[in-house]
Protein chains: 2
Amino acid sequence: MAPKQNTAAEMGDTRRNIIKAAEGLFMEYGYRAISTRKIADTCGLTQPALYHHFPNKKSLYVEVVRNYLYEMQTGLERIIKRHPDLEDSLYRVTRYIILHQPKKLSQMFHDIEYEMTVEDQMMISQCWSEAYQIPISSIFERAAAEGTLKDPDSLKATTSIYSHIFMSMLSHPLPGDSKTLDQRARLYTEVILRGLSVENM
Amino acid sequence: MAPKQNTAAEMGDTRRNIIKAAEGLFMEYGYRAISTRKIADTCGLTQPALYHHFPNKKSLYVEVVRNYLYEMQTGLERIIKRHPDLEDSLYRVTRYIILHQPKKLSQMFHDIEYEMTVEDQMMISQCWSEAYQIPISSIFERAAAEGTLKDPDSLKATTSIYSHIFMSMLSHPLPGDSKTLDQRARLYTEVILRGLSVENM
DNA sequence: CCTACCGATCGGTAGG
DNA sequence: CCTACCGATCGGTAGG
């Protein structure tokens, strides 16, 4: 019985399967909590077979993150290009992020900070910046130029800090699951743009 | 040579030392990433000695979280009782939380959700509610009664959701370390109360 | 509170 | 892509 050997096309399929299975597991439970055996089981492989596609666990994780961030970047850039209005753009971006964000984005940050090498951290933080920071900051930049946004200098901030705060708001899902996606997105947009107080100014 | 045996008072000291050492480690690196040996080393003990003070790793973690949440509750209640004004109160609470919050609060949530038993989760979520949710909601409740806060119903929300969003904003520290504590707290207070847009209403 | 040690599980390798 | 296996590390226990 010859051991199974796949064609190049099948290899590529298997590789994509592994990345998608690992994405779901890593993002929900974290890097340390997921063993290579668990990932292999989910794909219907034995654990050593993973090492035919990736040199080690860490580089599989890096591929998962790169792949996820690239998809997010593509999605956000598409929305922002098509919707120039500040509130409309923020609402659509919020919807998109809530829908596509892995359960715990902060889990991902933690794993990158404590489990990856410095080189990987730098590469990933570049991808992160291109996927989230730059697209969202560009919304605020555009609005600041139009005069519909508070001048960042007046708050001793920047549009980059604005986008950081906005992303933070979205990173912990609201507890009440009764609300619709639309309601959640409208609530976040309202709060980030106009705040909670009644008397404005 | 008789093995070392401590008095009851010394036992209590050792216990507190363990909790404080474990707090720093667990909150920064996460439950799984910190071994019982690492905690013991930090306290100058051998690993099996920990089991003289706590039945297992999980119950030590639970004590760490309870202790942390209780200190936070005391601090927040004291501030809120003394400062009735909405903006003033939020500013002081923000300062206090930034100063006393463990590096990654979301790390704590993840560990509680995935590493603790359901019974411990229920007990801790009770403590969490008393430490954060109830005190911060009470600020918003008071302001809503005064009419200085947007009616939660009008946004299909509640003061509890307001406080959840507010806490989310604070849970990821701002990247630029150049800003002072005061600047950070003022920025958060401004954004949560009045938002980022210029035209209000 | 220590020394000595256990069974389980981990990431990764050898060899086919 | 599989079987078989390694060294390291983990949480926890025995016994004094």
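Lettering follows sequence order; numbering is per chain, from 1.
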Exercise for the section: Please report, rounded to the nearest Å, how far the P atom of dG12(C) is from the CG atom of Leu60(A). Expected result: 10 Å

Exercise for the section: With a 4.0 Å heavy-atom cut-off, tell me which residues in residues 25-37 of chain A come close to DNA chain C, sorted by residue number. Expected result: Ile34(A), Ser35(A), Thr36(A), Arg37(A)

Completion exercise
Given Watson-Crick and G-U pairs under 3.5 Å, DNA chain C in dot-bracket ([ ] crossing, | other strand) is ||||||||||||||||

Problem - side-chain hydrogen bond (donor to acceptor under 3.5 Å, both in side chains) against His83(B), all qualifying residues, sequence neighbours excluded - result: Arg92(B)

Problem - Distance test, side-chain N/O of His53(B) to OP1/OP2 of dC1(C), below 4.0 Å - result: yes

Handout entry: Flag, side chain of Lys58(A) to backbone of Thr117(A), donor-acceptor distance under 3.5 Å
Key = no

Completion exercise
Atom NZ of Lys57(A) and atom C1' of dT9(C) are separated, to the nearest Å, by 12 Å

Practice task
Return the value, rounded to whole Å, for the distance between atom CD1 of Ile39(A) and atom P of dG11(C).
Solution key: 8 Å

Fill in the blank from the handout: With the side chain defined as heavy atoms from C-beta on, Gln47(B) is closest, among dG11(D), dG12(C), dC1(C), to dG11(D)

Fill in the blank from the handout: Regarding the side chain of Tyr51(A), the nearest nucleotide among dC1(D), dG12(C), dC2(D) is dG12(C)

Completion exercise
When rounded to whole Å, the CG to P distance for the pair Asn56(A) and dC10(C) reads 17 Å

Exercise for the section: Step by step, work out the salt bridge (Lys or Arg N to Asp or Glu O under 4.0 Å) result for Arg37(B) and Asp41(B). Expected result: CA-CA 6 Å; Arg37(B) 282 165 179 82; Asp41(B) 284 351; over 6 Å; no

Fill in the blank from the handout: So ring pair (Phe, Tyr, Trp, His ring centres under 6.0 Å) across residues 135-158 of chain A, not counting sequence neighbours, yields Phe140(A)-Tyr162(A)

Problem - Set of residues satisfying side-chain hydrogen bond (donor to acceptor under 3.5 Å, both in side chains) with respect to Gln101(B), sequence neighbours excluded - result: none

Handout entry: Partner set under salt bridge (charged side-chain N to carboxylate O under 4.0 Å, His left out) for Glu113(B), not counting sequence neighbours
Key = Lys104(A)

Exercise for the section: For residues Leu174(B) and Ile165(A), determine if any side-chain heavy atom of one lies less than 4.5 Å from a side-chain heavy atom of the other. Expected result: yes

Problem - Distance, rounded to the nearest Å, where Arg15(A) contributes CZ and dC1(D) contributes C1' - result: 17 Å

Fill in the blank from the handout: Rounded to whole Å, the CG-P distance (Leu50(A) to dT3(D)) equals 14 Å

Fill in the blank from the handout: Rounded to whole Å, NE2 of His52(B) lies from P of dT13(D) at a distance of 15 Å

Problem - dC1(D) OP1/OP2 closer than 4.0 Å to side-chain N/O of Thr14(A) - result: yes

Exercise for the section: Look at Glu115(B) together with Arg32(A) and state whether they make a salt bridge at an N to O cut-off of under 4.0 Å. Expected result: no

Practice task
Starting at atom CZ of Phe54(A), determine the distance to atom P of dG11(C), rounded to an integer number of angstrom.
Solution key: 15 Å

Exercise for the section: Give the nucleotide from the list dC2(D), dC1(C), dA14(D) with an atom nearest to the side chain of Ala49(A). Expected result: dC2(D)

Handout entry: Short N-O contact, Glu87(A) and Arg194(A), less than 4.0 angstrom
Key = yes

